[in-house]
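In each ligand, atom 1 is the first atom listed, and ligand 1 is the first ligand listed.
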Amino acid sequence: MSGDLSGKRALVTGGARGLGAGMAQALADAGAAVMIGDVLDDLGRETAEHIAKTGATAGFVTLDVTDDDAWAAAVAATIAELGGFDVLVNNAGIEISALVVDLDATELARMLGVNVVGTALGLKHAFRAMRPGGAAGAGGSVVNISSVAATIAFPGIGGYSATKSAVDRLTRVAAMEAGKLAYGVRVNCVYPGLVPTEMGIKLAVDCTSMGLFDSPDAAVAGVIEQTPLGRLGEVADIADAVVFLASDASRFITGAGLPVDGGMGM
Ligand SMILES: NC(=O)c1ccc[n+]([C@@H]2O[C@H](COP(=O)([O-])OP(=O)(O)OC[C@H]3O[C@@H](n4cnc5c(N)ncnc54)[C@H](O)[C@@H]3O)[C@@H](O)[C@H]2O)c1
């Protein structure tokens, strides 16, 4: 645990599985009540139930982050069920690998929709709810999940990297607006390194199909070789950083991007 979140109420997008599920559990372990928002209803409910069994308050709301109205409903549900809204983790994301010569307009637009529009709408609805006079009105912290892909040039993920660079820049502008307009909301982002979730494992397989590595194992070895700390990331590595940025332990930090990548992007 890397911060105290007692009494805080958090919404984690894409929290049904993978990094988001780990973040939701870590926030709960740090004392927060958590709401998971995801398009995977059954899995999202199961994950929330699992967290509730550890003694925390945890709920689920159906949320497609590309849908403005769904955001309004998810934030309203979070406030109604948890009694407030102090932390948003904009974690939902998709990765569609392609060499630049093979980029597909529809798939690029889909990635832009989830990773960029989804994050931007999350910021919009969090600001509206958390700022003075908002439905929650007590300020808060937003943590956006970018990627080491925004800090290095790794082949096969040009489109994805562009969306994660956009998340990085959105973070800075949103932090500036929130500060200048006295919303009482801090905004930061994390750049995770490769973690073997469904997305991470698929990327290693895609690298092989794109002819960049001889096998998924070779792709993983290539990443480890570029990582000073000499291993892949674990879900808890990323989740602990999110807890830190969500909590008052980071109270004078806003507009920052924190690499949690074993040094890969240095
Ligand atoms: N795994 C990695 O190596 C890695 C590295 C850097 C950054 N990231 C980022 O971390 C985040 C989580 O990745 P992960 O590895 O857990 O991926 P994952 O595919 O295992 O999980 C992603 C979650 O997001 C949800 N989601 C997808 N589209 C959605 C939408 N439109 N609305 C709401 N939810 C949606 C999925 O249902 C799923 O629960 C993503 O933003 C990803 O880009 C992952």
### Task
Please assess T78 against V75 for the test side chain to side chain contact (heavy atoms under 4.5 Å, CB included), listing each intermediate value before the final yes or no.
CA-CA 5 Å; T78 301; V75 167; 5.5 Å; no
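- A donor-acceptor pair shorter than 3.5 Å can be found between the side chains of N144 and T171.
- You'll find the side chain of H125 stays beyond 4.5 Å of the side chain of F85, heavy atoms only.
- Applying the 4.0 Å criterion to heavy atoms of L194 picks out, from ligand 1, the atoms 3 (O).
- Note on ligand 1: S146 sits in its first shell, one or more heavy atoms being nearer than 4.0 Å.
- Residue A92 approaches ligand 1 through these ligand atoms, each under 4.0 Å from one of its heavy atoms: 24 (O), 33 (C), 34 (N), 35 (C), 41 (O).
- A donor-acceptor pair under 3.5 Å is formed between the side chain of R186 and the backbone N or O of L245.
- Among protein heavy atoms, atom 14 (P) of ligand 1 sits closest to T197 OG1, 3.7 Å.
- By the 6.0 Å contact criterion, CZ on R128 is open, its count of non-hydrogen atoms from other residues, nucleotides or ligands being 12 or less.
- Here the heavy atom of the protein found nearest to atom 43 (O) of ligand 1 is Y160 OH, 2.6 Å.
- For the pair A21 and ligand 1, no heavy-atom separation below 4.0 Å is found.
- In this structure, a donor-acceptor pair under 3.5 Å is absent between the side chains of S247 and D4.
- Closest protein heavy atom to atom 33 (C) of ligand 1: L63 O, 3.0 Å.
- Between V148 and T151 there is a side-chain heavy-atom pair separated by less than 4.5 Å.
- When hydrogens are left out, the protein atom nearest atom 13 (O) of ligand 1 is M199 CE, 3.9 Å; that is the closest non-hydrogen contact.
- For the atom pair L5 CG and D29 CG, the distance stands at 10.5 Å (nearest 0.5 Å).
- Protein heavy atom in closest approach to atom 31 (N) of ligand 1: D64 OD1, 3.0 Å.
- Under a 4.0 Å N-O distance rule, the pair K124/D68 qualifies as a salt bridge.
- Counting only heavy atoms of the protein, atom 39 (O) of ligand 1 lies nearest to D38 OD2, 2.7 Å.
- Taking each of G113, G93, S147 in turn, the one with a heavy atom nearest to atom 22 (C) of ligand 1 proves to be G93.
- Taking a 4.0 Å cut-off on heavy atoms, R17 registers as neighbouring ligand 1.
- Under the 4.0 angstrom criterion for non-hydrogen atoms, N91 is in contact with ligand 1.
- Ligand-side atoms of ligand 1 in range of L40: 37 (O), 39 (O), range being under 4.0 angstrom from any heavy atom.
- Distance from atom 24 (O) of ligand 1 to its nearest protein heavy atom, with residue and atom name: G14 CA, 3.4 Å.
- In terms of polar-atom proximity, defined here as any N/O pair under 3.5 Å, V65 does make such a contact with ligand 1.
- Any N or O atom pair closer than 3.5 Å counts here, and L19 shares at least one such pair with ligand 1.
- Without hydrogens or angle criteria, D64 side chain to V39 main chain gives no donor-acceptor distance under 3.5 Å.
- Residue contacts with ligand 1 include K164, since one or more of its heavy atoms lies under 4.0 Å from the ligand.
- Ligand 1 has no nitrogen or oxygen under 3.5 angstrom from a nitrogen or oxygen of I94.
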### Message
Using salt bridge (Lys or Arg N to Asp or Glu O under 4.0 Å), reason through D168 and R172 one step at a time and then give a plain yes or no.
### Response
CA-CA 7 Å; D168 173 273; R172 317 296 169 139; 2.9 Å; yes
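- G193 O, 3.3 Å is the protein heavy atom nearest to atom 5 (C) of ligand 1.
- Within the 3.5 Å criterion, the main-chain N or O of D86 finds no donor-acceptor partner in the side chain of R9.
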